[in-house]
Colleague: 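Before I ask anything, here is the structure I am working with.
Ligands are counted one by one from 1 in listed order, and the atoms in each one are counted from 1 as well.
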Amino acid sequence: MMSAVWHPFTQHGLGEDIPRVERGEGALLHLADGRTLIDCISSWWVTTHGHCEPRIAAAIAAQAGRLDQLIFAGHTHEPAERVAAALVAMTPPSLTRIFFSDSGSTAVEVALKMALGYWHRRGEARHRILVLEHSYHGDTIGAMSIGARGVFNRRYEPLLFDVGTIPFPAPGREQAALDALESAATGPDRPAAFVIEPLLLGAGGMLIYPAAVLREMAAICARHGILFIADEVMTGWGRTGSFLAVEQAGIAPDILCIAKGLTGGALPLAATLASEAIFEAHLSNDRADMFYHSSSYTANPIACAAAAANIEIWQEEDVIGRIARVGAALARGLETLAGHPAFDNPRHIGAVAAVDLKAGDAGYLSSLAPALRAFFLEKGLLLRPLGNTIYVMPPYCLTEEEAARIFAAIAEAGDRFGQPD
Ligand SMILES: *Cc1c(COP(=O)(O)O)cnc(C)c1O
């Protein structure tokens with residue numbers, strides 16, 4: 001029977017196989033046809049501990065029978081209070097206020113609105129946003145506006161607002177990036193905020209840059225009074241080896257966005273963390289000054305209960321140790337590709353490893369990516385390359401054997417699809 005489902009980032013006209021998944025368990029996905037896949041990309045970067053983590057599943061079940069949904073304007077509930085208090089304790093001291101929403105894109109939109117609200121209330125008409133080249137911040141109009149322009153958003157260009165783009169601090173070009181930020185910060189059109197994915201740019205191609213550059217960028221923004229917004233939607237919850245990526249730079253952002261791993265990957269929930277100054281800018285005895293944003297499921301109690309259970313896991317179990325072990329297995333896997341002529345630019349941070357496949361036409365729309373997807377599917381792997389960039393971002397329960405299987409398949413893909421120069 002024909003499916004009525006319209007899938008995201010899927011060209012239905014190509015008739016590609018759309019596997020039906022019945023059950024998830026740890027790093028594995030069990031398909032309806034009996035096959036099993038290793039989830040090498042954490043089901044779009046969200047599953048941290050593993051699928052159907054028992055403590056999180058139990059918390060969801062319990063909360064679903066207690067309080068399922070609550071209007072969050074003017075009301076509160078225990079799971080949200082618990083998560084908010086824990087987030088304040090777990091994140092840099094600059095962040096004291098937690099605003100809930102339901103996706104990474106929304107968390108970013110909220111951050112932009114908070115920044116503009118802050119400057120408005122201070123009587124400065126600042127609205128220019130600075131971003132980093134190759135960034136990705138989500139697929140809503142505001143989030144697309146501050147992300148890299150490309151095939152994903154070209155047709156919506158008339159709706160997108162202008163931003164100032166700072167070059168990516170690639171090896172050898174770090175100082176140029178810092179100089180560009182310095183000059184944008186001091187230019188005539190004073191920026192309101194600088195939005196950045198700390199240490200690792202995800203959808204832009206798994207690009208890594210040093211913590212020292214991040215620290216210096218934060219310092220430039222602080223010197224010139226520009227709000228520093230860290231988008232940790234993907235990097236948060238241990239992906240780069242520390243709970244937050246900003247910890248490695250020792251910086252104190254004004255606003256920080258988290259989502260994906262907030263519930264361990266079980267339910268949609270996001271949060272925008274703000275400094276006291278941002279909160280206070282919206283504080284007055286005039287209702288007109290309040291922060292105007294909400295969505296129906298803001299701080300949904302079941303999602304918050306999942307997040308609270310996830311936070312307990314972080315507090316009671318050695319999650320960072322697990323990430324270090326997975327990271328070491330990924331690093332060893334990358335080493336096995338070292339002599340392979342089809343691969344270029346191996347890189348690794350925390351529980352993420354990436355390598356570029358040398359291939360003729362390697363753009364996002366080339367036929368390479370779907371061919372690679374189909375190849376990996378045949379090997380029992382859910383792997384979804386970004387153009388010619390093959391990356392592994394598994395749940396933290398991935399075993400040594402599973403990692404070895406993944407990299408053996410990647411080596412084989414290099415033999416089959418690579419075009420060494
Ligand atoms: C995935 C992602 C987003 C968007 O999150 P959604 O939950 O998909 O809306 C924003 N920023 C970064 C850095 C991301 O990786």
Colleague: Between Glu109 and Thr140, does any side-chain donor sit less than 3.5 Å from a side-chain acceptor?
Modeller: yes

Colleague: For the residue pair Trp45 and Tyr391, does the interplanar ring angle fall in the parallel (under 30°), tilted (30 to 60°) or perpendicular (over 60°) class?
Modeller: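 Trp45 vs Tyr391 ring planes: perpendicular.
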
Colleague: Charged N to carboxylate O under 4.0 angstrom, Glu124 versus Arg190?
Modeller: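 Salt bridge flag = no for Arg190 with Glu124.
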
Colleague: Have a look at Thr272 and tell me which of Ile255, Ile229, Ile278 forms a side-chain contact (heavy atoms from CB on, under 4.5 Å) with it.
Modeller: Ile255

Colleague: At a 4.0 angstrom heavy-atom cut-off, what protein residues surround ligand 1?
Modeller: Trp45, Ser103, Gly104, Ser105, Tyr136, His137, Gly138, Glu197, Asp231, Val233, Met234, Lys260

Colleague: Between Glu197 and Tyr209, is there a side-chain heavy-atom distance shorter than 4.5 Å?
Modeller: no

Colleague: Just checking Phe72 against His77, ring centres under 6.0 Å apart?
Modeller: yes

